[in-house]
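First the structure, in the form of structure tokens, and then the observations on it.
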Amino acid sequence: MIFAIESSCYETSAAVCKDGKILSNFIANQKVHEQYGGVVPELASRAHMQNIVPVVEAAFRQANVRPEEIDAVAFTQSPGLIGSLLVGSQFAKSMALALNKPLIAVHHMQAHVLSNLIAERKPSFPFLCLTVSGGHTQIVLASSPTELKVIGETLDDAAGEAFDKSAKLLGLPYPGGPLIDKYAKEGDPTRFAFAEPQIEGLDFSFSGLKTSILYFLQKEIKNDPEFVPKNLADLCASIQERIISILLKKFKKAALQTGIADLCIAGGVSANSGLRKAFTEMCEHNKWNVFIPPFEYCTDNAAMIAITAYYKYFQKDFSGLSVSASARAAWD
Ligand code: KG4
Ligand code: ZN
């Protein structure tokens with residue numbers, strides 16, 4: 001039985017997992033950042049401090065488990081906002097000390113990949129995962145739950161950033177990804193064609209797309225100040241279409257290069273309905289097995305930290321109380 005805390009960005013989350021099954025996954029969100037157009041780190045860490053005790057209590061209550069019953073305490077050690085990570089890591093360390101249980105430090109991006117092992121139907125190893133979040137875009141080759149290798153990643157902006165920055169250019173509030181998804185459903189994805197980067201190998205680039213959207217909008221708004229509100233759905237659909245085509249082109253290349261037929265997506269952007277649909281179609285067309293985590297395990301959550309820790313537990317991959325949170329950390 002693993003108890004886990006996630007606090008790397010602005011979701012405060014706690015989860016309990018027993019024998020690899022999630023018993024509870026409680027998530028508190030922070031609305032305070034919307035008005036600033038992005039996450040304000042200092043406000044995030046303060047809100048984590050207010051949320052952590054009630055969130056931990058709720059996770060135990062929901063799971064109907066007492067703290068003394070758990071076998072280990074897990075937490076997100078990196079990467080993320082350092083103030084936010086410190087709240088979760090200090091709380092987890094204190095719990096491990098008070099309960100005299102092992103402590104398990106988890107890498108947030110590895111946990112996103114392993115969120116695909118939560119559902120009953122799991123990918124077989126080796127599998128490939130396209131992890132698309134607010135801070136990262138990676139193609140990961142998973143040989144086992146504890147052997148994960150990044151074989152492609154973004155050279156500049158992450159896919160989530162591409163969504164959020166495009167949304168900002170359209171005047172939408174933060175985080176704009178879910179709003180682009182919503183408006184895109186009513187729009188024509190072929191109406192506007194935005195630049196497609198030409199990057200070698202399995203790496204990605206999204207900064208050129210952002211610049212091409214900026215120049216395009218500046219030009220159009222000069223002719224018609226109402227251009228964005230008049231064309232919002234088509235703009236969202238066309239932007240989303242381009243981000244998806246950039247992502248899936250490289251993921252397809254990775255599948256063909258490796259010959260691996262179990263393909264997963266993970267991370268906040270994997271909640272995008274257009275990506276889920278296009279990814280499923282691509283896999284069906286090529287006879288690949290498709291795995292997509294349920295919505296609640298796409299964006300940041302402690303269930304994925306718990307499931308990662310569950311596999312680390314068998315390897316006795318425990319940390320001492322001197323372990324510290326880190327904003328950036330090597331993959332291994
Ligand atoms: O994985 P995540 O919750 O946090 C990080 O680890 O970064 O990802 C957050 C990102 C944000 O950029 C957000 O806009 C994006 O995921 N996102 C979406 C959708 N839901 C969340 N992007 C597009 N469509 C969505 N439905
Ligand atoms: Zn994340």
Side-chain angles (χ1 to χ4, degrees), residues 4-13 15 25 27-30 33-34 37-39 41 44 48 75-81 84-85 88 106-116 129-138 140 153-154 157-170 172-185 187 189 206 209-210 235-248 264-279 292-305 307-308 327-329:
I5 295 175
E6 152 66 33
S7 69
S8 65
C9 191
Y10 63 85
E11 289 91 351
T12 320
S13 180
N25 178 44
I27 305 171
N29 256 303
Q30 301 178 6
H33 309 286
E34 273 172 17
V39 179
H48 279 305
F75 69 101
T76 305
Q77 190 230 339
S78 72
L81 302 170
S84 295
L85 287 166
V106 172
H107 193 288
H108 182 86
M109 297 313 295
Q110 296 186 353
H112 270 305
V113 174
L114 298 190
S115 64
N116 282 288
C129 182
L130 172 70
T131 318
V132 275
S133 74
H136 296 79
T137 302
Q138 298 174 327
V140 175
E153 60 191 326
T154 184
D157 289 352
E161 264 178 302
F163 270 106
D164 297 337
K165 288 180 179 174
S166 307
K168 201 170 180 177
L169 295 174
L170 298 175
L172 300 172
Y174 180 87
L179 292 170
I180 293 201
D181 189 356
K182 183 177 148 203
Y183 296 122
K185 289 190 176 117
F206 287 101
L209 173 65
K210 181 186 60 194
L235 282 165
C236 288
S238 303
I239 291 169
Q240 179 170 299
E241 177 77 4
R242 175 53 78 225
I243 296 175
I244 292 171
S245 77
I246 295 172
L247 290 171
L248 292 185
C264 310
I265 52 174
V269 179
S270 67
N272 183 271
S273 54
L275 176 62
R276 292 166 89 95
K277 184 163 170 277
F279 171 58
I292 303 178
F295 281 109
E296 68 263 38
Y297 305 135
C298 289
T299 44
D300 289 348
N301 66 87
M304 66 183 194
I305 306 301
I307 203 82
T308 307
R328 283 168 197 277

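First listed ligand is number 1; within each ligand, the first listed atom is number 1.
- Considering backbone and side-chain N/O atoms, Asp181 comes within less than 3.5 Å of an N/O atom of ligand 1.
- For the pair Gly134 and ligand 1, the shortest N or O to N or O distance falls below 3.5 Å.
- Panel note: side chain Glu241, backbone Ser238; no donor-acceptor pair is recorded below 3.5 Å.
- Taking 4.0 Å as the cut-off, Cys9 does not count as a neighbour of ligand 1 on heavy-atom distance.
- Within 6.0 Å of NZ on Lys182 lie no more than 12 heavy atoms contributed by other residues, nucleotides or ligands.
- With respect to atom 13 (C) of ligand 1, the closest heavy atom belonging to the protein is Asp164 OD1, 3.8 Å.
- Residue Gly135 approaches ligand 1 through these ligand atoms, each under 4.0 Å from one of its heavy atoms: 7 (O).
- In terms of heavy atoms, Leu169 sits closest to Lys210 at CD1-O, 3.9 Å.
- Put simply, part of His108 is less than 4.0 Å from ligand 1, judged by heavy atoms.
- The CD1 atom of Ile292 sits 5.5 Å away from the CZ atom of Arg276 when rounded to the nearest 0.5 Å.
- With a cut-off of 2.8 Å, the Zn ion (ligand 2) has no N, O or S atom of Cys9 in range.
- Here His136 does not reach the Zn ion (ligand 2): none of its N/O/S atoms is less than 2.8 Å from the metal.
- Protein heavy atom nearest atom 2 (P) of ligand 1, with residue, atom name and distance: Asp300 OD1, 3.4 Å.
- Applying the 4.0 Å criterion to heavy atoms of Gly160 picks out, from ligand 1, the atoms 12 (O).
- The closest approach of His112 to the Zn ion (ligand 2), by N/O/S atoms, is made by NE2.
- Screening Val106, Asn25, Ile305 for a side-chain contact (heavy atoms from CB on, under 4.5 Å) with Glu6, the sole residue that qualifies is Ile305.
- For the atom pair CD1 (Ile5) and OG (Ser13), the distance works out to 9.5 Å, reported to the nearest 0.5 Å.
- Some N or O of Asn272 is nearer than 3.5 Å to an N or O of ligand 1, by distance alone.
- For His33 and Tyr10, the distance between ring centers is under 6.0 angstrom.
- Each of the atoms 3 (O) of ligand 1 lies under 4.0 Å from some heavy atom of Thr299.
- Taking CG from Leu209 and CZ from Phe163, the interatomic distance works out to 9.5 Å, rounded to the nearest 0.5 Å.
- Of all atoms in ligand 1, listed by their number and element, those nearer than 4.0 Å to a heavy atom of Ala271 are 20 (N), 26 (N).
- Checked against the Zn ion (ligand 2), the N, O or S atom of Asp300 at the shortest distance is OD1.
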Original post:
So Gln240 and Asn272, side-chain contact (heavy atoms from CB on, under 4.5 Å) or not? Walk me through it.
Top reply: CA-CA 9 Å; Gln240 179 170 299; Asn272 183 271; 3.1 Å; yes
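- Here His112 has side-chain heavy atoms under 4.0 Å from ligand 1, and that is the only part of it that gets that close.
- The cationic atom of Arg242 (NZ for Lys, CZ for Arg) does not lie both less than 6.0 Å from the six-membered ring centre of Phe206 and within 45° of the ring axis.
- Shown are Val132, Ile246, Val269; of these, the side-chain contact (heavy atoms from CB on, under 4.5 Å) with Thr137 is made only by Val132.
- Given atom 22 (N) of ligand 1, the protein heavy atom at minimum distance is Gly177 CA, 3.4 Å.
- Taking distance alone, with nitrogen or oxygen atoms compared against 3.5 Å, Gly268 approaches ligand 1 more closely than that limit.
- The shortest N or O to N or O distance between Ser273 and ligand 1 is not below 3.5 Å.
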